[in-house]
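Down below is the structure, laid out as C-alpha cells.
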There are 2 protein chains.
Amino acid sequence: MKRSQNSIDSSTPPKIDIRNVAARARVSIATVSRTINHVPTVDPVLAARVWKAVTELNYFPNTQARALVSGKSKLLGLIVSEITNPFFPELIQEFEQVAVAHGYEILIGSTNYETSTMELCARRMLERKVDGVAIMTFGIEDFLLDRFAVDNIPVVFIDPAPTRPLSNVLAVDYYAGIYEGVQHLAVLGHRKIGFISGPLRLRSAESRKATFLGCLHSAGLKAEPAWLIEGDHTLDGGRDAMQKILALPKHPTAIMCSNDMTAIGVQHALFEAKLKVPDDFSLIGFDDIHLAEYTIPPLTTIRMSCKDLANKAVDNLLSRLKPAGAKLEAVSKINTRLIVRQTTGLPKDALLDLIDKPRPKTR
Amino acid sequence: MKRSQNSIDSSTPPKIDIRNVAARARVSIATVSRTINHVPTVDPVLAARVWKAVTELNYFPNTQARALVSGKSKLLGLIVSEITNPFFPELIQEFEQVAVAHGYEILIGSTNYETSTMELCARRMLERKVDGVAIMTFGIEDFLLDRFAVDNIPVVFIDPAPTRPLSNVLAVDYYAGIYEGVQHLAVLGHRKIGFISGPLRLRSAESRKATFLGCLHSAGLKAEPAWLIEGDHTLDGGRDAMQKILALPKHPTAIMCSNDMTAIGVQHALFEAKLKVPDDFSLIGFDDIHLAEYTIPPLTTIRMSCKDLANKAVDNLLSRLKPAGAKLEAVSKINTRLIVRQTTGLPKDALLDLIDKPRPKTR
DNA sequence: CAACTCAGCGTAAACGTTTACTACAGTGAA
DNA sequence: TTCACTGTAGTAAACGTTTACGCTGAGTTG
C-alpha cells in the first residue's frame with residue numbers, strides 16, 4: 001500500500017506527517033524533529049521555517065510513533081475504587097489537571113472494589129505502557145505491584161502498605177483528623193459512639209477503623225462491638241448499616257463513618273426512621289467531598305484534601321520519571337482535619353439526663 | 001543501541017516481544033501475529049505452540065506498535081462537561097464498561113464548561129488518534145466537529161445540533177419528562193413555577209429551558225421572567241439562584257431545575273433560609289442521579305438514563321468502526337420520565353387559601 | 001596557509017507490530 | 001510422472017517518529 005499523501009481520494013484526507021513538514025520547510029525530518037522537541041542545536045533560521053510549516057500544515061506529531069520509539073507513552077495511570085463516589089471525580093479532576101499541565105494524559109481505571117476488575121485495570125495499564133501509576137484505591141494485591149515493578153513502572157499509592165522497590169506511598173495521617181473527631185464528640189458529651197467502616201478487606205478501610213478504635217481509647221471510651229458495622233463506602237451501604245444499628249436494642253448517640261457517602265446514607269436511614277440529626281444522633285463523615293457542605297443538615301466531616309493527594313501523587317510520579325530528580329523522599333504525608341458543620345450536637349441521653357435525673361422545676 | 005533482550009542488566013528487565021515468542025514457539029513472527037489475532041488460516045498445532053509460548057512468557061502485544069501500523073488506536077474519547085457532577089461519573093462508568101468489553105480503552109476529557117478547555121480536550125483526542133469520540137457535554141463548537149471530520153473520526157453527541165458528516169446525534173426527548181413534571185406540579189395546584197437553567201450558552205441547557213417554557217404553555221400557565229434564573233448546573237449555582245429568587249418580592253411555589261445538582265443547591269438555600277421542602281416550595285430536578293434518592297427529603301426528578309445514553313453512544317461509535325455495519329440510523333432517541341419522590345407537594349398558597357379565605361372554625 | 005575544532009545538518013537505523021507477497025509442500029487429476 | 005492448485009508459513013516493507021553517527025563548512029590557531 002502506497003503512502004497516500006496528497007491523495008485526491010475524498011475518503012482518505014491527506015495525512016500530514018513529519019516528512020510533509022520537512023519538505024515544506026526545506027529541511028530534513030531530523031531537523032523538524034529536533035525543532036519541535038526544542039533541541040537547542042538548531043539554527044534559528046531553520047527553526048523558524050519549520051515552525052511556519054508546522055502551523056501552516058496544522059501538523060502535530062503522531063503520539064504512537066513517538067511512544068514506540070521513545071518507549072515513553074506520556075500516559076499516567078490512575079486507578080480508583082469507584083468513580084461513582086464523588087470523592088474520586090474530585091481527585092481525578094485535580095490529577096488530570098496537573099498531569100495535562102505536564103504534558104501527560106491520564107488513563108482511568110475503576111475497580112469497583114473487585115480484585116478481578118483491579119487485575120484487569122492493571123493489565124490495561126501495562127498494555128498501554130503507562131509511564132507511571134497512581135493507585136488511589138484502597139488495598140492492592142502485592143502481585144500486581146510486582147508486575148509493575150517488573151516493567152520498571154513507578155507506582156505511587158495511598159496508605160500503609162508493604163514498601164517495595166519503585167512503589168512509593170502517600171501516607172495519610174488518619175490519626176489527626178479522627179482524633180479531632182472523636183474528641184469533638186467526647187467534649188459534646190457523647191460516650192456511645194458507633195463506627196461504620198468501609199469494606200474491611202481493604203487495607204485503608206481497616207486502617208481507618210483501627211485508628212478510630214485507637215482514638216476512642218485515647219478519649220477514655222470503650223468500643224461496643226455491636227456498633228462497629230462494616231459498610232462498603234456507598235450510599236446504600238451507609239443506609240443499610242444504620243438500619244442495622246437502629247434495629248439493635250441499645251443505640252449509640254453518635255456515628256462516625258469511614259467516608260462521606262456512608263454518612264449521607266446514614267442521614268437517609270435516619271430520615272426514613274423519622275429521626276433527627278443532630279438531635280437524635282450526631283454524625284461525622286470522612287473525606288469532605290464538596291457535597292458534604294450541601295447535605296441537610298450540612299455534614300460535619302474529616303477533611304482529606306484530594307487536591308493535596310492528587311498533586312503529591314503526580315509530583316511523586318513525575319519526579320521519578322525525569323532522570324534528574326531521582327530521589328524524592330519515599331513517603332509524603334497527607335493531613336486530615338475536622339470540619340465542624342451541623343450534624344454534631346449534644347447527645348440525646350445528655351438531654352434526657354437533664355430532663356429525667358435532676359428534673360429542675362425551671363422550665 | 002542494541003536490543004537488550006535477555007540482558008542481565010538489572011535496571012532493564014528482559015522485554016519480551018513478538019520475536020521472543022516466535023523463537024520459543026519455533027515459528028515466524030507472522031505466525032505469532034496471526035495466531036494472537038485469531039486469523040483462521042493457521043495450523044492448530046502451531047497455534048498451540050504459540051499460545052503456550054505466549055502464556056509462558058507472559059507476553060502481550062505492544063499497543064503502540066499495533067496502533068502505529070494499523071492506524072487504529074482502540075481508544076474512544078469521552079468528553080464530558082464536568083467530571084465533578086455525579087451524573088457524569090455514572091455515565092463514564094457505564095461507558096467504560098461497555099467500551100472495555102469491546103476491547104477499547106477510553107480517554108476522558110472534562111471541559112468544565114470552558115471553550116478553551118474543550119479545545120484542548122479535542123486536541124488531545126486528536127493527538128492520541130482516538131477511533132471515535134462521544135461528546136457528552138452540551139454544546140460544542142462547530143469548528144471542532146470539523147476537525148474530527150477532517151481526520152475521519154466518528155463523533156456522536158447529545159442533542160439538537162447541526163448534523164454534519166460523520167457526526168451522529170443522540171436525541172434526548174426532553175419533552176416527555178419535562179411535560180410530566182410540569183403536569184405533576186399543575187395537578188398539585190401549582191400555578192407559579194420557576195426554572196433554574198444551566199448555562200444558556202450551552203445548547204442543551206437552552207433546549208431544556210425552551211422545553212420547560214413550552215410545557216408551561218401547554219399546561220395553560222404563564223412564565224414569569226423573574227423566576228427564570230440562569231444557573232450553571234452546579235451545587236453553588238443552584239444555591240445562588242435560589243437565593244436570588246428568595247430575594248424577590250413575589251415567589252413561585254415550585255421550582256424546576258435543569259439538573260439534580262442545581263436542585264440540591266436549591267434545597268440547601270432553602271434549608272439555610274429555614275424554609276421547608278415541599279411545604280414551602282416544591283422542587284423537581286433533572287437527571288436522576290443516584291444521589292437524588294438520598295437527599296432529604298428525596299428528590300422528585302426527571303430521569304434520563306445514563307446507562308441508556310452510554311450504551312447508545314458506544315454502540316453508535318462501534319458500529320461505525322466496523323466496516324460491516326456501516327449505516328446505523330443517524331439518530332437514537334433517549335427517553336426521559338418523571339420519578340416522583342418527596343420534594344413535591346401542594347403549593348403553599350393553596351394551603352393559605354384554605355386557611356385564610358374560608359377560615360373554617362375547625363382546627 | 002594548513003590543520004584542527006565544532007556547530008549544526010542529514011542519513012539511516014531503530015522501535016514492535018501487521019500484512020501483502022512469495023515460497024513451498026502436499027494433493028489430486030491427467 | 002507431471003502439472004496445477006490449495007493451504008500455510010515465512011520474508012520484508014511499512015507505520016511515523018527519535019537519535020546515533022557521519023559529514024560539511026566556517027571559524028580558530030599555529
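Proteins come first, then strands; the chains are lettered A, B, ... in the order of their sequence lines, and each starts at number 1.
- Regarding B/I29, its CD1 atom lies at a distance of 9 Å from the C1' atom of D/dA12, rounded to whole Å.
- Summarising the geometry, the separation between CD1 on B/I36 and P on C/dT18 is reported as 5 Å, rounded to the nearest angstrom.
- At whole-Å resolution of the value, CZ in B/R26 and P in D/dT8 are 19 Å apart.
- Mapping B/P40 and B/S70 onto DNA chain D via the closest heavy atom, the residue that lands nearer the 5' end is B/P40.
- Distance from the side chain of B/D43 is smallest to D/dT8 among C/dG16, C/dC9, D/dT8.
- Taking only side-chain nitrogens and oxygens, A/T41 never comes nearer than 4.0 Å to OP1 or OP2 of C/dG8.
- Between the P atom of D/dG16 and the CD atom of B/E127 lies a distance of 16 Å, rounded to the nearest Å.
- Rounded to whole angstrom, the span from the CZ atom of B/R66 across to the C1' atom of D/dA14 amounts to 17 Å.
- Side chains of B/L107 and B/L78 form no contact here, defined as non-hydrogen atoms less than 4.5 Å apart.
- As a whole-Å value, the separation of A/K72 NZ from C/dA14 P is 21 Å.
- The residues B/R123 and B/E127 are annotated as salt-bridged, a charged nitrogen and a carboxylate oxygen being separated by less than 4.0 angstrom.
- Closest to the side chain of A/N37, from the set D/dT18, C/dG10, C/dC9, is D/dT18.
- Close to D/dG10, at under 4.0 Å from its OP1 or OP2, lies a side-chain N or O of B/T31.
- Checking D/dG10, C/dC15, D/dT17 against the side-chain heavy atoms of A/L68 singles out C/dC15 as nearest.
- For B/A65, counting side-chain heavy atoms from C-beta on, the closest listed nucleotide (C/dT17, D/dT18, C/dT11) is C/dT17.
- Side-chain atoms of A/I18 lie closest to D/dT17 of the nucleotides C/dG10, D/dT17, D/dA14.
- At a cut-off of 3.5 Å, with distance as the only test, a side-chain donor of B/N316 or B/R320 sits close to an acceptor on the other residue.
- Taking atom CZ of A/R49 as the reference point, atom P of C/dG8 lies 15 Å away to the nearest angstrom.
- Of the two residues contacting DNA chain C, namely B/N62 and B/R34, the nearest-nucleotide position lying further toward the 5' end is that of B/N62.
- Checking D/dG10, C/dT17, D/dT17 against the side-chain heavy atoms of B/S28 singles out D/dG10 as nearest.
- Contact annotation: A/S33 reaches the phosphate of D/dT18 (side-chain N/O to OP1 or OP2, under 4.0 Å).
- Among the nucleotides C/dC9, D/dA9, C/dG16, the one closest to any side-chain atom of B/L46 is D/dA9.
- Using a 4.0 Å cut-off between charged side-chain N and carboxylate O, A/R124 and B/E96 make a salt bridge.
- Two residues are said to be in side-chain contact when any heavy atoms from C-beta on lie closer than 4.5 Å; A/V133 and A/F148 meet this criterion.
- Between the CG atom of A/D17 and the P atom of D/dA14 there is a distance of 14 Å, given to the nearest Å.
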